[in-house]
Protein chains: 2
Amino acid sequence: MKDLVSRCPIEEVMQVLSGRWPTLLIYYLKDGTKRFSDLRRDNPTVSHRILTLELRKLEKAGIVRRTVFDGYPLRVEYDLTPSGLTLLPLVDALGDWWEARDARRPAPQMKTAAEAAAVS
Amino acid sequence: MKDLVSRCPIEEVMQVLSGRWPTLLIYYLKDGTKRFSDLRRDNPTVSHRILTLELRKLEKAGIVRRTVFDGYPLRVEYDLTPSGLTLLPLVDALGDWWEARDARRPAPQMKTAAEAAAVS
DNA sequence: TGTAAATTACGCACATTTTTGTCACCACGC
DNA sequence: GCGTGGTGACAAAAATGTGCGTAATTTACA
């Protein structure tokens, strides 16, 4: 998703929120200020490069604030901006919608993991 | 985003909604039933292959319903499921949030396009 | 007391993986 | 041959990962 194809705000938000990490990072920052290494621990599968890139993207979007303290063993803190805080309930709502939808779905469904296993 | 790294519903929704097209398609289907070719016209930059793939993904997620009519010039219709309809306001809310955030942002900001142009 | 090693939060170059696009092709009836 | 709604093979592009280097200071150890 390098560039936009419409002037639609929906496409613009998705440009920022698309992918696995942005929403998860927002979710983890819900608890308050975190350091870079905290976020890595929260999600061990993200590479440090991608984590920095995603955080910068969120910063540019005005969702996350990055604070650098100079000193001994370098220290950078991340937290949600006021704007980011207003986004939080929307992201949560999507999660809730997904769960509710799961409950709503007709019976003959399988979890994706089970499906994958079954195909083998 | 081939597979999940957490059991978090947020990650699961994003697996479906990530990318440029899913939310835009949902948005276009807001107006009601559309045919495949209508959706292509709504968004001329999506390749037909991706359009089918995205629609199938949304179908599997229970957001979109696909109806095939057999007859002369083949005919397939797409519309939102009840579940998809409940998702709609959430997607709209994201768009609204983005616009509101734009208004909220401090003055010395540039549009990304302008930035890109300026760098050259 | 001197020296090596670890820590933190990255940036950079390169490699791999994943996603997306292109093009050709199919069946159907007109 | 046209338009409809696709599918499949292959290619290009984009996203993501890997491993190394860096700064300043602290700690480990002899």
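Here the structure is a predicted model, which means the values were calculated and not measured. Throughout, a chain's letter reflects where its sequence line sits, starting with A, and its residues are numbered from 1.
Listed by chain and residue number, nothing satisfies the salt bridge (charged side-chain N to carboxylate O under 4.0 Å, His left out) test with A:E99 (two or more places apart in sequence, or in another chain). For A:R41, the side chain to side chain contact (heavy atoms under 4.5 Å, CB included) partners two or more places apart in sequence, or in a different chain, are A:S37, A:D38.
Following rounding to the nearest Å, B:L51 (CG) and D:dG5 (C1') show an atom-to-atom distance of 10 Å. The distance from atom CG of A:L74 to atom P of C:dA6 is 18 Å, rounded to the nearest whole Å. Taking atom CZ of B:F69 as the reference point, atom C1' of C:dA27 lies 19 Å away to the nearest angstrom. Counting to the nearest Å, the P atom of D:dG17 and the CG atom of A:N43 are 10 Å from each other. Per the geometry, CD1 belonging to B:I50 stands 16 Å off P belonging to D:dA12, to the nearest Å. Going from atom CD of B:E54 over to atom C1' of C:dT19 covers 10 Å, rounded to whole Å. One can place CH2 of A:W21 at 18 Å from C1' of D:dA14, the figure rounded to the nearest angstrom. If you measure from atom CZ of A:R49 to atom P of D:dA14, you get 15 Å, rounded to the nearest angstrom.
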(message) Quick one, A:K30 with A:D92, criterion salt bridge (charged side-chain N to carboxylate O under 4.0 Å, His left out). Give me CA distance, side-chain angles, the key distance, then yes/no.
(response) CA-CA 11 Å; A:K30 188 155 77 163; A:D92 280 340; 3.6 Å; yes
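The shortest non-hydrogen separation linking B:P9 to A:G95 is CB-O, 3.7 Å.
For A:H48 against D:dG19, a side-chain N or O and a base N or O form a donor-acceptor pair under 3.5 Å.
Using a 4.0 Å heavy-atom cutoff across all strands shown, A:T45 reaches sugar-phosphate atoms only and no base atom. In this structure, A:R40 reaches neither bases nor backbone, as no heavy-atom distance under 4.0 Å exists between it and the strands shown. A:R20 comes within contact range of no nucleotide atom at all, as no heavy-atom separation falls under 4.0 Å.
Shown here is A:R40, whose CZ atom has more than 12 heavy atoms of other residues, nucleotides or ligands within 6.0 Å. A 6.0 Å sphere centred on OH of A:Y27 holds no more than 12 heavy atoms belonging to other residues, nucleotides or ligands. Environment of CZ in B:R75: crowded, with over 12 heavy atoms of neighbouring residues, nucleotides or ligands closer than 6.0 Å.
For A:R56, a side-chain nitrogen or oxygen approaches OP1 or OP2 of C:dG11 to under 4.0 Å. Applying the 4.0 Å criterion to OP1 and OP2 of C:dA9, one finds that A:R66 has every side-chain N and O outside that range.
Of the residues in residues 22-38 of chain B, B:R35, B:F36, B:S37 come within less than 4.0 Å of DNA chain D through at least one heavy atom, sorted by number.
Closest to the side chain of A:S47, from the set C:dA24, D:dT18, C:dC10, is D:dT18.
DNA chain C is contacted by both A:M1 and A:L55; A:L55 maps to the nucleotide lying nearer its 5′ end (nearest heavy atom per residue).
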